[in-house]
Structures are given as structure tokens and as C-alpha cells.
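Take a look at the structure below.
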Amino acid sequence: MGIHDIRSTLKHVNEKTKKRPIYIGFSMGTTGFYIYSSTFPDEAKAHVKGMIALAPVINYKGIKSLIRITAMPPIWPILRYLTYLLWNGELLPNPSNYMWPFIKSSLGMYAFQTALNLFFGFDYKQMDALTYPVFPTHSLDSVGVEAYGHYVQIYQSGVFRNYDHGEGKNFEIYGQKHPPAYNLSKVSVPVALYVGKNDILATTASAEQLYSELPDGSRCGYRLVEFRKWNHVDFLIAKDVNRWGFFAEEHYLTTEDGYKILVERAYYKNNTGTPVVIVHGIAMNSLGFVNRGNISLAYLLGRLGYDVWLVNYRGTWYSKDHVNLSPKDPNYWSFRSITRIGKQTFSINEMGIHDIRSTLKHVNGKTKRKAIYIGYSMGTTGFYIYSTTFPDEAKAYVKGMIGLAPVINFKGTRSLFKVTTAPKIWQTLRSLIYSLWKGEILPGLSRYLKPLITTSTGMYGIQTIANLIFGDDYHQMDPLRYPVFATQLIDSMAVEVYGHYVQIGKSGVFRNYDHGWRKNMDIYGQMDPPAYNLSKVPVPVALYVGKNDILATPTNAKQLYSELPESSRCGYHSIEFPKWNHIDFLIAKDIMTYLYKHVFDKINQMDKENC
């Protein structure tokens with residue numbers, strides 16, 4: 001890895017840019033650099049300006065990590081043998097696949113954190129409830145058994161040295177009985193170390209030895225992270241790693257129909273600002289509003305002083321619990337147990353009258369303030385259902401509503417979605433989904449996209465499919481962030497939620513779920529499901545619409561705006577960028593320029609009740 005992977009990379013970067021880069025390594029990324037730079041010191045000096053080392057590793061002096069148990073002579077040979085037997089030398093291929101059950105609850109996440117603490121050092125303080133589920137499901141990857149074995153050898157010998165092949169092969173390869181040590185005095189570029197006081201894997205003792213062995217001309221600073229509990233993995237996932245300085249809370253709400261949903265709260269310094277409730281679209285969850293660093297919607301609103309609440313609709317990764325049902329039970333996802341007085345239902349209607357309603361009640365109860373609601377795609381649909389069903393309640397709990405890519409029907413749609421509304425196609429798909437996944441559409445889909453994000457061809461393939469659904473816009477595709485979106489934004493959904501949209505698309509009417517005329521008579525007292533009356537929406541509504549959104553079209557949005565009462569019309573805004581599509585509201589490169597600055601002005605206007 002050091003003499004090939006890192007060497008090839010630095011050569012390539014130097015040739016492409018004609019500039020010397022600064023190298024930042026974390027953990028094994030530091031080990032690889034020391035191997036490269038001590039083996040090819042002249043080349044390293046020519047290709048690298050300096051090196052930043054986060055949690056540097058050369059040996060395991062003073063280690064207290066559980067990893068040292070795996071290095072014990074009786075245990076390591078057994079683990080090595082099993083790895084070759086089970087996975088041909090790849091240690092735990094696709095480990096993130098096994099982590100999905102843990103992220104569904106706070107208990108599961110804390111259990112996972114406890115296991116990490118035994119390896120890396122205890123630090124619950126830096127656990128970020130908003131983004132922590134990303135780590136176990138997206139940050140973990142497999143490792144070669146001999147790469148791990150090399151670290152085992154370094155631990156056993158206490159010497160930072162080459163791989164030990166055994167005496168016979170060592171003589172053939174190195175010309176000596178033992179593998180040669182890497183000579184750190186040959187490192188020819190400035191090196192700065194950043195070390196956690198509570199890192200029980202890459203310890204301060206190990207880092208101090210490393211720094212002492214560097215030549216004087218390469219010592220560019222040894223810094224202990226100020227936070228006293230800072231451990232090995234905090235360099236990646238700590239709450240304060242970006243200095244967000246936010247407080248985070250988890251609120252698990254039980255809806256009237258028994259579903260348990262997670263609502264996450266985040267605020268900066270204090271929670272006295274106006275609450276802003278953000279609700280995601282179909283086939284995603286709240287991660288879409290926190291995974292863009294300092295241009296994440298939740299971050300920006302928090303820094304503006306708002307008290308941010310992020311909803312995770314029923315059935316998403318973080319909201320899969322129920323008082324009686326398991327997600328493995330088809331009744332969790334379907335209408336099979338419906339009666340006039342209710343049992344479990346699972347359409348967009350229930351998300352509006354239960355998930356949204358429970359959230360807004362809870363936020364109002366906690367803050368004693370009316371919230372501003374931001375909905376994206378299905379997040380808008382849910383609000384219109386809620387506010388037309390409970391208009392007086394909505395008026396008491398909500399100051400105003402921002403609709404991003406609003407959906408009430410699919411008039412004018414040119415999306416691939418339209419194909420699924422054909423009766424025979426949808427009936428076939430619906431039957432398959434119940435047969436394969438008991439009513440959950442494509443559970444764990446993002447796992448299957450991982451192989452595609454490793455190449456530019458794969459990423460453009462994903463983008464091409466997205467364009468057929470949402471509208472084409474390659475210009476706003478950010479190649480640096482797109483792999484994150486492809487693997488983090490996508491969540492599963494209930495078949496009847498999608499089916500509700502299929503019905504709306506087919507009928508062209510924004511109305512309740514159609515159970516068939518007999519059940520409709522039982523439930524609604526009429527043969528057709530009742531339409532939602534948008535003239536009842538009692539709060540100011542501002543719409544933001546993409547000109548190139550082929551799913552939630554401008555035709556659909558204009559009809560929505562025309563059906564709102566005049567007193568609730570707070571602005572219809574077409575995004576200026578001509579190719580702006582449905583998904584650009586989440587992932588566009590220029591989201592600050594074309595969307596957020598206008599949305600923030602509107603929120604301020606609503607907050608002052610000037611709309």
C-alpha cells in the first residue's frame with residue numbers, strides 16, 4: 001500500500017497538477033505514508049509539500065485496545081485460517097451489511113458505539129445522533145487479512161518494520177533473518193501529528209516515539225486534541241470535528257396508529273429560536289439534510305439561530321418500530337388488516353395525519369412556539385394532507401410552510417414514474433414486492449449501488465437513471481459528493497405509499513387512498529376516495545419549483561398554488577437555473593446560490609409574520 005498505492009497516487013497527482021500536494025493521512029493512511037517516504041525519501045520530497053497525520057500509527061506502544069487480543073499467538077493463526085477459509089483472504093467483506101439492524105434504534109447505535117469504544121477508546125460525548133448511523137453503514141469496509149496481519153506482527157514485535165514472511169523467505173526477500181525496520185529518520189518532508197489523549201489504539205506513547213524518530217527538519221508540530229476524551233475514531237465521526245457546535249437530541253414518538261418514528265432535534269448554542277420542522281421525500285430519510293457539511297440545510301438553519309427538527313417518516317431506517325408489529329410482518333407495510341375503526345394502514349395519508357401531526361404536536365409541546373415547516377417532495381404532500389384534515393390545529397402549530405418540489409398530482413409528468421402507473425405493470429410490481437419483501441420496496445437498495453460508485457461510468461449510470469425519473473441536469477452533479485448521495489440518500493419505502501402516488505398519478509386527483517369501491521364505502525361512506533380540499537390550508541405557503549422537474553412538474557405546482565386560499569399564497573418561485581430538476585433540491589452544486597438564499601429570506605419573512 002505504501003510503496004505502490006500511495007506512490008502511484010502522488011506521482012499521478014504531481015503529473016496532473018504540476019504542484020506538490022499536502023498529504024493528510026488517518027490511521028493506516030499515516031502508516032502507508034511513513035513506509036513510502038522512508039523507502040523513497042527523494043521522491044517524497046519532490047512530490048509532497050508536507051504531511052498531516054491524524055491518529056498516527058507506527059507501533060502499538062501502550063495499547064489498551066481490544067485489538068491486542070486478536071494479536072495473541074493462539075488466536076491470530078486461527079483467525080487468519082478462518083478468513084482464508086470463509087472469504088479467500090478478505091477480512092469481513094462488506095461489513096456494513098451486518099450493521100443495518102443496529103441503526104434502527106438508539107439502543108442499537110449505543111451498542112455499536114460501546115463495541116467501538118473497546119477498540120478505540122470511550123467517548124459517548126462526541127457521538128452525533130444526527131449523523132452517527134452513516135458511520136456503521138457507509139464508512140466500514142473490508143481489509144486484506146495480511147494487511148491486518150502486518151499490524152499484528154508490528155504489535156507482537158514492537159518494531160515498525162516490514163512484513164515478516166518467516167526466516168526462510170525473509171532471507172530470500174530481505175537478505176536477513178528478520179524483516180528490516182522502516183527508518184523514520186529518512187522522512188524528508190514536514191510532518192505534523194494530531195493525537196487523541198484517549199486513543200487506546202494509536203496511543204500517545206506510540207505517537208511520541210514516532211515524533212522523536214523523525215529528523216529535526218521534518219518535525220512540524222505534535223498536537224494533542226484538546227478534548228480529553230478524544231479517541232481514535234473521533235477523527236472521523238466526532239460531533240465537533242467540523243466545529244458545528246450543535247446540540248442534538250433524539251425524540252421517539254409513538255403515533256396514534258402505533259408506529260414509532262424518530263424525530264431528531266439540532267440547535268446551535270441554545271434552543272430559543274423559532275422551530276423549523278424539515279420533512280423528507282419518498283425513498284429517503286433525514287440524512288439528506290445533514291450530509292453536506294457546512295452547506296447542509298440543518299447546519300445552515302441552526303447557524304441562523306433556528307431550532308431544527310428532522311422527521312423520519314414511518315418505515316425508514318430510523319423509524320421501523322411499532323408497538324405490536326415487526327417490519328418482517330406484511331401487516332406492518334400493508335392495508336391487509338384495515339377496518340372501519342382502524343388497525344394498521346400505511347399510505348401517504350397516514351404519514352400526514354399521524355407522523356406529521358404527532359411531530360408538530362410534540363414540537364409545539366416542547367417549545368411552546370409555532371414552527372415553520374419545510375417539506376421536500378413527499379414531505380410537502382404529507383403537510384397538505386395534514387393541514388386540510390386538521391386546519392385549526394395546523395394554524396395553531398405552524399407559522400408557515402415552505403414547499404420544495406411540491407407534489408399533489410403528476411400533471412404533465414414525463415418521468416419514468418409514469419410507466420409504473422399502467423394498471424398491469426403496477427399490479428405485477430405490487431405482487432412481486434409483497435412476494436419478495438412483504439411490502440417493503442427494495443430494502444437496503446443503497447448497498448447494491450456501492451459497486452457503481454467506484455467508477456465515473458457507474459456514477460453517470462446512476463445519474464442517467466435519476467435523470468429519467470427526475471429530469472436531466474449533469475451540470476449540477478457534484479462528482480466529489482455524488483457517491484455520498486447515491487449511498488446515503490436512498491431508503492426503502494412501503495409499497496402502498498408508492499401505490500398511493502400511483503393512484504393519484506392515474507386519476508389526476510389529489511385524494512385519499514383508493515381501497516376499491518366496497519371498502520371505500522365502509523371507510524369513507526362513498527364509492528370513490530375523497531379529495532383533499534386545498535382551500536382549507538390555513539397557513540402561508542411558499543412554493544419552490546424546478547423548471548426541469550419532470551416528476552413534480554410546474555403544471556402540478558401551479559394547480560396546487562391556484563387551489564390554495566388567497567390568504568395562504570406566500571409566493572410561487574421558479575428556480576432560476578433552467579435545468580433545475582427534482583433531485584437538485586438536495587444535491588445541486590449551486591444549491592446556496594439558486595435555492596437556499598431565497599428560502600432563508602422567505603423563512604425570515606414567515607417568522608416575522610409578514611407573509
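From a predicted model like this one, the values you see are computed outputs, not experimental measurements.
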Next item on the list: Using a 4.5 Å cut-off on heavy atoms from C-beta on, say whether the side chain of F289 contacts that of L586.
Entry: yes
Margin query: According to side chain to side chain donor-acceptor pair (under 3.5 Å), does anything in residues 65-84 pair up with another residue at least two apart or in another chain? List the pairs.
Written below: T70-Y148, R80-E146, Y84-E146
Notebook entry, point to check: So, W317 versus D491: side-chain donor-acceptor pair below 3.5 Å or not?
Noted result: yes
Check: Any chance the side chains of N59 and Y155 put a donor and an acceptor closer than 3.5 Å?
Finding: no
Checklist line | Y299 side chain near V290 side chain, heavy-atom distance below 4.5 Å | finding: no
Checklist line | Contacts of type side chain to side chain contact (heavy atoms under 4.5 Å, CB included), residue S492, not counting sequence neighbours | finding: K320, E440
Notebook entry, point to check: Excluding sequence neighbours, so at least two apart, what forms ring-ring contact (aromatic ring centres under 6.0 Å, His included) with Y23?
Noted result: F33
Check: Going by atom types only, do S286 and Y313 share a side-chain donor-acceptor pair under 3.5 Å?
Finding: no
Margin query: Classify the ring geometry of Y259 against H322: parallel below 30°, tilted from 30° to 60°, perpendicular beyond 60°.
Written below: perpendicular
Note to self: Can you classify the ring geometry of Y211 versus Y222 as parallel (below 30°), tilted (30 to 60°) or perpendicular (above 60°)?
What the structure shows: tilted
Next item on the list: Under the ring-ring contact (aromatic ring centres under 6.0 Å, His included) rule, collect the residues that match up with Y60, sequence neighbours excluded.
Entry: Y151
Notebook entry, point to check: Any idea which heavy atoms bring V191 and Y34 closest together, and the distance?
Noted result: CG1-OH, 4.2 Å
Checklist line | Set of residues satisfying side chain to side chain contact (heavy atoms under 4.5 Å, CB included) with respect to P21, sequence neighbours excluded | finding: L10, V13
Check: Are any of the side-chain heavy atoms of W309 and E264 separated by less than 4.5 Å?
Finding: no
Margin query: Less than 4.5 Å apart, side chain to side chain, heavy atoms only: is that true for L184 and L210?
Written below: yes
Checklist line | Spacing of S37 atom OG and I3 atom CD1 [to the nearest 0.5 Å] | finding: 13.0 Å
Check: Taking the six-membered ring of Y36, is NZ or CZ of R7 closer than 6.0 Å to its centre and within 45° of its axis?
Finding: no
Check: Nearest 0.5 Å, what's the OG1-NZ distance between T203 and K197?
Finding: 15.5 Å
Notebook entry, point to check: With distance as the sole criterion, is a donor-acceptor pair present between the side chains of H178 and Q176 under 3.5 Å?
Noted result: no
Margin query: My understanding is that only residues two or more places apart in sequence, or in another chain, count here; which of them pass side-chain hydrogen bond (donor to acceptor under 3.5 Å, both in side chains) with S27?
Written below: H232
Notebook entry, point to check: Taking side chain as C-beta onward, heavy atoms only, is D199 less than 4.5 Å from T204?
Noted result: no
Note to self: Please give me the minimum heavy-atom distance between G302 and Y268, naming the atom from each residue.
What the structure shows: O-CB, 3.4 Å
Notebook entry, point to check: So which pairs with a foot in residues 11-22 pass side chain to side chain donor-acceptor pair (under 3.5 Å), sequence neighbours left out?
Noted result: none
Check: Does N312 reach the side chain of V263, with side-chain heavy atoms less than 4.5 Å apart?
Finding: no
Notebook entry, point to check: In chain order, what residues pass the ring-ring contact (aromatic ring centres under 6.0 Å, His included) check against H475, with sequence neighbours excluded?
Noted result: F577
Notebook entry, point to check: Mind checking whether N117 and N231 have side chains closer than 4.5 Å, heavy atoms only?
Noted result: yes
Check: Would you say K589 has more than 12 foreign heavy atoms packed within less than 6.0 Å of its NZ?
Finding: yes
Checklist line | Test side chain to side chain contact (heavy atoms under 4.5 Å, CB included) applied to L86 - qualifying residues, sequence neighbours left out | finding: none
Checklist line | For N581, all residues meeting side-chain hydrogen bond (donor to acceptor under 3.5 Å, both in side chains), sequence neighbours excluded | finding: none
Donor-acceptor contacts under 3.5 Å from residues 44-55 side chains, at least two apart:
none

Checklist line | Residues in side chain to side chain contact (heavy atoms under 4.5 Å, CB included) contact with A283, at least two apart in sequence or another chain | finding: M493
Checklist line | Over all atoms of both residues, closest heavy-atom pair of P56 and T30 | finding: CA-OG1, 3.3 Å
Checklist line | Test item: K438 and Y332 side chains (from C-beta on) under 4.5 Å apart, heavy atoms | finding: no
